Chemist: 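Sharing a structure below in C-alpha cells format, with a few things to ask.
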Amino acid sequence: MGKVLPELNVILKICFTLQVSVLDFLTQDTAKENSSQFSAMPQKQVVDSSRKKLEVKFDSDRTQQLLENVLQANEQPLPMTAVAKRLGYPKRVLYRHFPELCRAISAEYVKYMKESRIKRIEHCCEEVKQAVRQVHTEGIYPSEAAISRLLAKPGCFRDKQVRAALRAARKEICLEL
C-alpha cells in the first residue's frame, strides 16, 4: 500500500475540489481539515474533461454535395486537408464516408500540382534562354552563376531540365559542343 503515486491530473482535481494548493496538499495535513467539504461537492465538478468527446453532427447529404461542388469547381484545386478544414470535418471522417469523392479530389490536386511544376520548369527554361542571350551580348560568359543573378527564382537550377536548357542555350550560341 502507498507504492503507487497518483497522476498529476488527479492531484490537481483533488486540490481544486478541496480548495488547497498542490504544495499544501503534498506537504501538510490540510486535506483532513477540508475533507468535510468534499462530500458536499456535487459530482459534476469532478468529471474528467479530457474524456469527453466533442460530438459534431454529420450532415451526409450536404457534405456530399459540397464535396461534389469542390470537385466540379473551375478554380484552383485544393488538397484534401484544406477541403476538410473548409468543411469543418476531419479528413479521416470525409474519407470514411466518401472515399471515392475524396480520392477524386486528391487526384485532381496531384494532377494540378504536376501541371504547375511543368509550367514552372518551362517558364524557367525560357527565362534561362533569354538570360543567356542577354549575358552573351554583353560579352560575359553565360555561367550558371551569371545567369542565376538575372533570374526571378535563382533556385530553378535545381531542376535537371533547367540545367539542360542552359546547356542547350549555350550550344545555340556555339559555346558548347
Side-chain angles (χ1 to χ4, degrees), residues 7-10 12-13 44-177:
E7 294 181 12
L8 181 60
N9 65 344
V10 174
L12 291 173
K13 287 178 195 173
K44 290 180 185 176
Q45 292 182 354
V46 188
V47 174
D48 185 4
S49 62
S50 65
R51 292 184 185 166
K52 291 181 184 177
K53 288 189 178 179
L54 180 64
E55 287 190 31
V56 178
K57 300 280 183 181
F58 186 77
D59 187 356
S60 181
D61 295 332
R62 181 178 172 275
T63 305
Q64 181 176 2
Q65 184 62 42
L66 290 171
L67 287 172
E68 289 171 354
N69 291 347
V70 166
L71 190 58
Q72 295 170 359
N74 291 330
E75 56 192 42
Q76 176 181 337
L78 297 172
M80 202 52 219
T81 52
V83 171
K85 188 174 184 179
R86 195 181 266 187
L87 296 180
Y89 295 109
K91 186 171 77 168
R92 269 189 309 216
V93 171
L94 296 176
Y95 267 98
R96 187 179 322 125
H97 290 279
F98 309 106
E100 296 84 19
L101 280 172
C102 293
R103 280 194 288 272
I105 290 170
S106 293
E108 283 295 315
Y109 179 70
V110 168
K111 178 182 165 189
Y112 167 77
M113 292 304 290
K114 285 181 181 178
E115 290 171 356
S116 296
R117 182 177 185 276
I118 290 169
K119 287 178 186 175
R120 186 182 74 248
I121 289 173
E122 288 173 352
H123 176 73
C124 284
C125 290
E126 189 58 38
E127 197 176 0
V128 164
K129 288 177 186 177
Q130 290 173 2
V132 166
R133 288 185 206 114
Q134 179 184 343
V135 167
H136 182 65
T137 57
E138 294 173 0
I140 302 171
Y141 179 76
S143 66
E144 194 173 304
I147 300 302
S148 66
R149 286 186 212 113
L150 299 174
L151 300 178
K153 296 182 179 180
C156 67
F157 277 115
R158 292 182 192 135
D159 289 312
K160 293 176 186 177
Q161 295 95 332
V162 178
R163 287 194 304 275
L166 175 62
R167 286 191 297 277
R170 286 179 186 156
K171 282 181 184 180
E172 284 181 15
I173 57 174
C174 300
L175 290 177
E176 282 189 9
L177 299 175

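The structure displayed is predicted, hence computed values, not measured ones. Computed from heavy atoms alone, side chains included, the values below leave out hydrogens, waters and symmetry copies.
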Chemist: If you look at every heavy atom in L166 and I147, which pair is closest and at what distance?
Modeler: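 Reported closest heavy-atom pair: CD1-CG1, 4.0 Å.
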Chemist: With a 4.5 Å cut-off on side-chain heavy atoms, are E108 and L71 touching?
Modeler: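 A side-chain contact exists here, since the closest heavy-atom pair is under 4.5 Å.
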Chemist: Minimum heavy-atom separation for E75 to R86, with atom names?
Modeler: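 For E75 versus R86, the nearest heavy atoms are OE2-NH1, 3.9 Å.
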Chemist: Do other residues, nucleotides or ligands put more than 12 heavy atoms under 6.0 Å from E138 CD?
Modeler: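 For E138, atom CD is crowded (more than 12 foreign heavy atoms under 6.0 Å).
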Chemist: Do R133 and E172 have side-chain heavy atoms sitting under 4.5 Å apart?
Modeler: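 Heavy-atom side-chain distance check passes, below 4.5 Å.
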Chemist: Between R117 and D159, is there a side-chain heavy-atom distance shorter than 4.5 Å?
Modeler: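 Yes, side chains in contact.
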Chemist: Is any side-chain heavy atom of L94 closer than 4.5 Å to a side-chain heavy atom of P90?
Modeler: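 Not touching, per the 4.5 Å side-chain cut-off.
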Chemist: Looking at every non-hydrogen atom in both residues, tell me the closest pair between Y89 and D59 and how far apart they are.
Modeler: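 Residues Y89 and D59, closest heavy atoms: OH-N, 3.4 Å.
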Chemist: Under 4.5 Å between any side-chain heavy atoms of P142 and R170, yes or no?
Modeler: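 When only atoms from C-beta onward are counted, R170 and P142 do touch, with a gap below 4.5 Å.
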Chemist: Is a side-chain donor-acceptor pair under 3.5 Å present for Y95 with S106?
Modeler: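 Per modelled atom types, S106 and Y95 side chains form a pair under 3.5 Å.
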Chemist: Which heavy atom in S60 sits nearest to a heavy atom in F98, and how many Å separate them?
Modeler: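 Nearest pair, atom of S60 first, then F98: O-CZ, 3.3 Å.
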Chemist: Hey, could you give me the NZ/CD distance between K13 and E7, rounded to the nearest 0.5 Å?
Modeler: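 Rounded to the nearest 0.5 Å, the NZ-CD separation comes to 9.0 Å.
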Chemist: Can you list the steps and then say if Q65 with N69 is a side chain to side chain donor-acceptor pair (under 3.5 Å)?
Modeler: CA-CA 6 Å; Q65 184 62 42; N69 291 347; 3.1 Å; yes
Chemist: Contact between F157 and L151 at the side-chain level, heavy atoms closer than 4.5 Å - yes or no?
Modeler: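 F157 reaches L151 side chain to side chain.
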Chemist: Start with the C-alpha gap between Y109 and M80, add the side-chain angles, then the distance that decides, and say whether side-chain contact (heavy atoms from CB on, under 4.5 Å) holds.
Modeler: CA-CA 8 Å; Y109 179 70; M80 202 52 219; over 6 Å; no
Chemist: Rounded to the nearest 0.5 Å, how far apart are SG of C125 and CZ of R120?
Modeler: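 The SG atom of C125 sits 11.0 Å away from the CZ atom of R120.
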Chemist: Measure across L67 and C102 and return the closest heavy-atom pair with its distance rounded to 0.1 Å.
Modeler: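 Of all heavy-atom pairs spanning L67 and C102, the closest is CD1-SG, 4.5 Å.
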Chemist: Please report the interatomic distance CD1(I121) to CD(Q161), rounded to the nearest 0.5 Å.
Modeler: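 Answer for the CD1-CD pair, I121 versus Q161, is 4.5 Å.
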Chemist: Of the non-hydrogen atoms in L150 and E127, which two are nearest, and what is the gap between them?
Modeler: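 Heavy-atom minimum between the residues: O-OE2, 4.2 Å.
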Chemist: Checking side chain to side chain contact (heavy atoms under 4.5 Å, CB included) against E126, which of E122, H123, Q130 comes through?
Modeler: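 That would be Q130.
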Chemist: What distance do E68 atom CD and I105 atom CD1 have between them, rounded to the nearest 0.5 Å?
Modeler: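 Interatomic distance, E68 CD to I105 CD1, rounded to 0.5 Å: 9.5 Å.
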